[in-house]
Structure formats: structure tokens, C-alpha cells
Amino acid sequence: MSVVPSPNFRQATSQAPASSPFEQELCGLVIDAAPRLFAVVQVCGEGPLGADGWVVAWGLAEESGAAHVTGVDGRTRMTLASPERVLRFFAGPPGVSARLVWLAQPGAAVLDEAEAA
């Protein structure tokens, strides 16, 4: 299954000439207020040839510090005081550890042309 972007979107950054100042301000607001996205990965083994890892959950960290996490199976959902607290729930059997991998902060926002009535 491939991901196809909506035909109704356009990139809106401070350099986008087609965007109005208001649209640029909205995009800036969204970028500033966006929660940080992270993955929870499990890792086993050590070294470049003996290590293996896989994503077990995705999370959103709010500015307040709270984290909302959903397992990749869709059955596990939790809200915790901090992202680091999720690690104890995904620590596996001996030899399997859990880690957080943070995605880079977004640098652009996309305005969808469709609007809710």
C-alpha cells in the first residue's frame, strides 16, 4: 500500500509566494505548537553485525511533558507523565531493551485546501 498525498494540498512555508500572510502565520503557529514525534524501538544483540531492532510504538510528546503512545498493533494506548516512562512497558525479555528515537522537528507545514463547514 502506497501513501498518496491529497491532491488538495500545497506546501506553505515562509518562502511560499502563493501563501497569504495569514496562511503563513497559521503554518508558523502549527509548527511552534506541534508535539514532538518519537518511536519506541526494541533492540536485541550488540554491535553492528549482531544487533537487530524494530518499532513497537509511536508517541507524541506535548510541551507539558506528557506523552501519548500507541503500539504499532493498535491495541496498546497509554498516556504517561513523560516519554521516558514508556520504556518500562516495552522492555522485553532479557537481552531486549527499549529505546526512544526522536524524529526531527518539522520545518514546514502543509495547508489543505479543503475546509470544514
Side-chain angles (χ1 to χ4, degrees):
M1 180 165 138
S2 64
V3 177
V4 179
S6 166
N8 298 327
F9 81 92
R10 63 186 149 117
Q11 188 77 19
T13 64
S14 59
Q15 292 83 16
S19 297
S20 72
F22 177 70
E23 289 173 334
Q24 291 176 5
E25 186 176 336
L26 282 177
C27 289
L29 173 68
V30 168
I31 290 169
D32 291 343
R36 291 189 62 200
L37 180 63
F38 63 92
V40 181
V41 297
Q42 287 181 328
V43 178
C44 68
E46 294 184 24
L49 299 176
D52 194 11
W54 52 93
V55 176
V56 293
W58 290 99
L60 292 174
E62 296 180 1
E63 189 175 337
S64 68
H68 307 282
V69 180
T70 302
V72 294
D73 62 5
R75 297 181 303 177
T76 304
R77 294 184 183 181
M78 58 184 83
T79 298
L80 302 160
S82 71
E84 292 74 21
R85 292 192 179 203
V86 75
L87 297 177
R88 75 177 90 175
F89 294 99
F90 287 98
V96 177
S97 62
R99 294 181 179 177
L100 298 179
V101 177
W102 293 92
L103 275 68
Q105 287 286 77
V110 175
L111 270 175
D112 192 326
E113 292 298 320
E115 293 182 15

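Scope of the values below: all heavy atoms of this structure, side chains included, with no hydrogens, waters or symmetry mates.
The side-chain heavy atoms of V69 and F38, taken from C-beta on, include a pair separated by under 4.5 Å.
Around the CD atom of E25, the shell of radius 6.0 Å holds no more than 12 heavy atoms that belong to other residues, nucleotides or ligands.
A side-chain contact (heavy atoms from CB on, under 4.5 Å) with Q42 holds for exactly one of V55, D52, V56; it is V56.
Residues V72 and A57 come closest through the heavy atom pair CG1-N, 3.8 Å.
Atom-to-atom distance recorded for T79:OG1 and L60:CG is 10.0 Å, nearest 0.5 angstrom. In this structure, CZ on F22 lies 10.0 Å from SG on C27, to the nearest 0.5 angstrom. Between atom CH2 of residue W102 and atom CG of residue L37 there is a gap of 9.0 Å, rounded to the nearest 0.5 Å. Atom CG of L87 and atom OG of S82 lie 8.5 Å apart (nearest 0.5 Å). With values rounded to the nearest 0.5 angstrom, H68 atom NE2 is found 13.0 Å from M78 atom CE. Atom CZ of R36 and atom CG of L100 lie 10.0 Å apart (nearest 0.5 Å).
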_Under the criterion side-chain contact (heavy atoms from CB on, under 4.5 Å), I'd like the reasoning laid out for T70 against W58: C-alpha separation, chi angles, the key distance, then a yes or no._
CA-CA 6 Å; T70 302; W58 290 99; 5.6 Å; no
*Going through the distances and angles, do W54 and C44 end up as a side-chain contact (heavy atoms from CB on, under 4.5 Å)?*
CA-CA 9 Å; W54 52 93; C44 68; 3.9 Å; yes
*Should V40 and R99 be marked as a side-chain contact (heavy atoms from CB on, under 4.5 Å) after you check the CA-CA gap, both sets of side-chain angles, and the distance that decides it?*
CA-CA 6 Å; V40 181; R99 294 181 179 177; over 6 Å; no
*Could you walk me through whether F89 and L80 pass the side-chain contact (heavy atoms from CB on, under 4.5 Å) test, one step at a time?*
CA-CA 11 Å; F89 294 99; L80 302 160; 3.8 Å; yes
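Criterion: ILVMFWY side-chain heavy atoms under 4.5 Å apart, direct or through other members. Under it, L103 and V43 are part of a common hydrophobic cluster.
Between the E63 side chain and the P35 main chain, no donor and acceptor come within less than 3.5 Å of each other.
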